[in-house]
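Proteins get letters first, then strands, A, B, ... in listed order; numbering begins at 1 in each.
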Amino acid sequence: MAASRGGFAGKVLRVDLSTGKIGVQDTIERYEAVLGGAGLGYRVLWDEVPAGTGPFDAANKLVFAAGALVGTSVPCNGRTTITTIFPTCWPRPLVGSGHMGGHFAAKLKYAGYDALIVEGKADRPVWLMIRDAKVEIRDAGHLWGSGIRRTTLELSQEMGPDCVVAAIGQAGESQAPMGMVINSVSHSAGGVGGVMGAKNLKAVAVQGSGAVRIAGDKAEWEKLVKFHLSILGANNQHVVPSFPTPQAEYYNPASRWVGQPGRRWGAAKPPVELTGDIHDLSRIVYRTNSAAFFLGEEAWKYTVRGNGCTACPIRCHTMLRVPSVTVKYGIPDMAQNTCIALQFGRMFFKGLMAGKGGEAAIEACMVGMHLADDMGVWSNYGQLQRDLRKLYEGGYLKARLGSKEYASIPWDKYDRNDPAFLLDLVPRIANRQGELGDVLSRGTGAIFDTWSIPESDWADDHSTTYWKMGHPKHHANEDDGQCGVIINTQYNRDAQCHSHTNFVRNGLPLAVQKKLATDIWGSPDALDAPGDYTPANPYKARRAKWSLMRKELHDALGVCNWMGPWVASPRWERGYAGDDSLESKFLSLATGRPMDREELDRAGERIFTLHRALTIRDMGQVDMRAGHDTVPPWVFEDAKGAAPFTKGTIRMDRADIGRAMDFFYEAMGWDTATGAPGKARYAALGLADVGEGLAAAGLVPQDGK
Amino acid sequence: MSAGDAPDLGKAIVEAVREASAEARLVGADEVVERLRARGFGECLDTEPEVDPCRRVEALLSGLPEIASLASLSGRAVYHDPALLSRTYARILDRKGVTALLMAEEIRANSRDYPRPVPVELFEAPPFDLAPEAIEAAFKAMAASEEFRDIAFTTTSQGTVYLFSSLHLERDYATFLAEQDETFSMNP
Ligand code: SF4
C-alpha cells in the first residue's frame, strides 16, 4: 500500500489531453521495481507507447517523473526526469529523457504525485493546473506565443507565488525538436519542449501543500544528511579547491571549487564578501561560482549569488547582473544558469571561445541566456553552436541556403563576435523561420537530411565532438579513455552521464584516485590518468557499468548526477573516501524498506536494461553492437599522428575498443556478439515480461543467453 | 603548576600549536613556549631550571601524534596541526620569501602527484601572491641555476603559459595536459 511507504508520494497523475480525463494510480503497486524518475518513464513507454510512435504523435506520452528522494532534505534532490520518444534522435526517434532541476519535482511530490503522465493531444492550447488533488486543464490561448518568463509570471500571478511553473516558449510551441521546457527560471530539459507543443500543452503549474514522509528513524536520517553534507565538494563533486588552503592537502587549479576567501559576490546588494573557512558546512554555497569558473575572474563582480535546486547547497546556477547588456542589447540585466546553458550565447562565436573569455564572453552569455531561456531553445550540449560554426565556416551555408536568405543573416555581426547576432539567430530557430531556422530547430540530423551532408563530415571531424544519432559526445575518451567511450555508446542522445567524470576530475592526486578505485572497483587499473591510457581491462568496464547504473539510479531517485555519486570526498581523515552506499542508505531510511547497495544497483541495472529493451524494440533490431553502440572515426585519430596508448593522446585503438565493449557486455551479462540482453538476463532483473515480448518479436540474441 | 602536570602541559602545547595553525601560521618551539607562558604555564616550564624549556617542549611535541613537525628551510623544526593547516600549505608558508624554490617545489609536486602542469597565474593568486615581476625574476634565477634545470614551460594554443617539471612530466604530455586544462570550460 502506498500509505505504508515513505519517500514516495504514492500516486501517479495521468492526464489525457485528448479526452480531458484526469486520473491517478498507485505508484508502489505499479512502479516500485523501477523506483520512479527515468525508471517509471521507461516503464510507461514500454507498456503504453507502441514501437513506431513518432515524438509528435498524440500516442506518444510525456512522463514528468520525480523520484523517491525528491522533496526530502537529501542534498541535491530536485531533479525531474522527462521521458518520451525523443525527437532529436536521428535517423529515427527513440526513447530518451530530458532532465531538469529547479523545484518542479519537489512541488509535484508535495502535491501528492510521484509522476505526471501526459497523454493525447489537446485540441487547443492549454495549461495544466495542479493544486494538490485539484487538477484542471485550463485554456492557454492567452499564453500561446509568449515566452517562458511571461508565461511563468502570469501563471504565478494566477495561482499564487508558491507555485512552480514548467513552461515552453516559442520553440516548443512550433514543435521544434530542439525545444525545451523550463521551470524555476533557468532549469531546463532539452528536447521535450516540442513534444509538449505537439500536445498543445503550454505549461504545467504545480502547488503542493503536503510533505514527503520519511519512514525510517528520523535521527538516523538527520545524521545521514549531515554526513552527506560533510562529503560534498563543489559542483561536479570536485573535492579539492582550485587554490591551496590551510584546510586542504590538495588543490587543483581546474577545480570548480573556486570560492576563495577574499572573493566577492560583487553585484549583490550589499556585496557579499567570502570569509572564513570555506570547508565549513555552512559555507558550501560559496564554493561554486559557475560564472567565475567558466568565464573567468571578471564574473565575480557581476555575481549576485548562486541559485539552484531543491535542498542543494551547491547552487550552481550562478545569478549575474550585467548592466551593460541592457544598454547595448535592450535585454534584462539579470540572468542565471550553469554549464552549457550559461555559455549558450558565447559558444556560437569562434572568437569568444579562447580561455575564459572575459567581458565580451560574459555579454554574449547574457544575451544567449535571455533568448534561449525565454524562447526555450536547447543547445543539444553545445552541438547547435558547433553545427552553426561548422556550417558557416565550412561554407556549407553559402552553398546551400538561398542567396536571399543567406544575405538576410547578419554575418558581419557574427564575424565581429557581436552578441547582437543572437537577437537575429535565436528567434529564427525558435520560430522555425526560414530554412536555416527550421533546420537548426530540428537538430543535427536535420542538417544531414535536408542538405544531403554525409554524417561522416561531422563524425570524422573531432572539432564537432559529434558522436552519433544526431548528438555529441558527453565526457568520452578525452576525460576517461575506454570508460568514457563505452558510456557514450549507450544512449540515444548525448550520454549525460557524470558518474565517471565526476570521479576522474575530482582533483585528487592519481595515487589517491587509484587507491579509491581499488576499494570500489577492485583494481587501481580501473582508471588511467587522462591522456595516458592503457589497454582495456575488465575493471574499466566494471567502472563504466557502475557509472551508468548510478546515472540511471540518480535519474530514478531524483538526485543530481551532476554531483553524485559521492565516492570521493574532501575529507582527509577518511582518506578522501566518500560513501558508495549513500543512495541505498537514504532510500532505505526514506521508504522504511531496507535495501542494500547491491539491491539498489540491481534496480539501476533493471532500469538501464529497460532503456536497452526499448531501444531494441523501437529500432527493430537485436544487433546493438553494430547498429547502435557505435564510435565516431575521430576517436581513432590523432591530429599529430600519435599512436594509441602514447602519452598525450586521447586516440583510441579500434581493436582495443572492441575488447572494451566485450568486457562491458560481459559485465552486463549481455550477449557479446550483439550487445543485447538475452531472455534469461531480462528475467534475472525482474523484466521477464520484457524479455518475452522481445523474444516473441525475434529481438533477443539467437542463443537466448 | 608542577612537573607532574605534564598531561596538562601536553594539552596546552597542542592548543598552542592549533591556535597558530588556525591562524595559518607555523610555530617553532620557542613560540610555543611564549604561547604557553601567556597561558600561565610559565611556572610549570621553569620547574627544572637546568632544562631549556624549548627542549622540553620539543620533546613533548615529538610525542604528540596530532601535531606534525616540519624541517623548516631555516633548519629548525616548526609545527602544525595537519587537520587545521595541511602539509602542503605548511610547505608553502615555509618557502615564502624564497620565490624560486617555492615555485619550483610547487611545480614539481603538481607534475609528480596529480600529474599536471600548472598555469603561471597560479602564483599570482593567494596564498602565493607573487607579482608578475617577482615571477619573472624567479624564472631568470631558475634558468641560471643547475638546481632548477627540470623546471620548464609550455605555451598553449591560446597563449597561456603552463609550468611543469621534466623530472615528472614529458614535454608532449605536459603540453597535452595544459591544452586539456585550458579547454575544460568548453567541456562542461
Ligand atoms: S548541483 Fe546544480 S544542478 Fe545539481 S542539484 Fe545542485 S543546483 Fe541543481
> Just verifying a value: how many Å separate B:Thr183 OG1 and A:Glu478 CD, rounded to the nearest 0.5 Å?
8.5 Å
> Considering only heavy atoms, which portion of B:Ala83 lies under 4.5 Å from any heavy atom of chain A: side chain, backbone, both, or neither?
both
> Heavy-atom distance under 4.5 Å to chain A: side chain of B:Leu122, backbone, both or neither?
side chain
> Which bit of B:Arg116 is near chain A, if near means a heavy-atom gap under 4.5 Å: side chain, backbone, both or neither?
side chain
> Classify the ring geometry between A:Tyr251 and B:Tyr114 as parallel (under 30°), tilted (30 to 60°) or perpendicular (over 60°).
tilted
> What part of A:Ala248 gets within 4.5 angstrom of chain B, counting heavy atoms only: side chain, backbone, both, or neither?
backbone
> With distance as the sole test, does A:Gln343 use its side chain to make a donor-acceptor pair with the main-chain N or O of B:Met186 at under 3.5 Å?
no
> Measuring heavy-atom distances to chain B, does A:Asp532 have an atom under 4.5 Å in its side chain, in its backbone, in both, or in neither?
both
> If you count heavy-atom pairs within less than 4.5 Å of chain A, which of B:Asn187, B:Ile92, B:Thr88 leads?
B:Asn187
> Below 4.5 Å from any heavy atom of chain B, which atoms of A:Phe294 appear? Answer side chain, backbone, both or neither.
both
> For chain A, which of B:Val118, B:Thr156, B:Asn110 has the most heavy-atom pairs under 4.5 Å?
B:Asn110
> In terms of heavy-atom proximity below 4.5 Å to chain A, should B:Leu93 be classed as side chain, backbone, both, or neither?
neither
> Measure A:Met347 against the heavy atoms of chain B and call it side chain, backbone, both or neither at under 4.5 Å.
side chain
> Can you pull out the residues in residues 499-508 of chain A with any heavy atom less than 4.5 Å from chain B?
A:Arg505, A:Gly507, A:Leu508
> Heavy atoms only, distances under 4.5 angstrom: which of B:Arg112, B:Glu121, B:Glu182, B:Glu106 has the most pairs with chain A? Name it, please.
B:Glu106
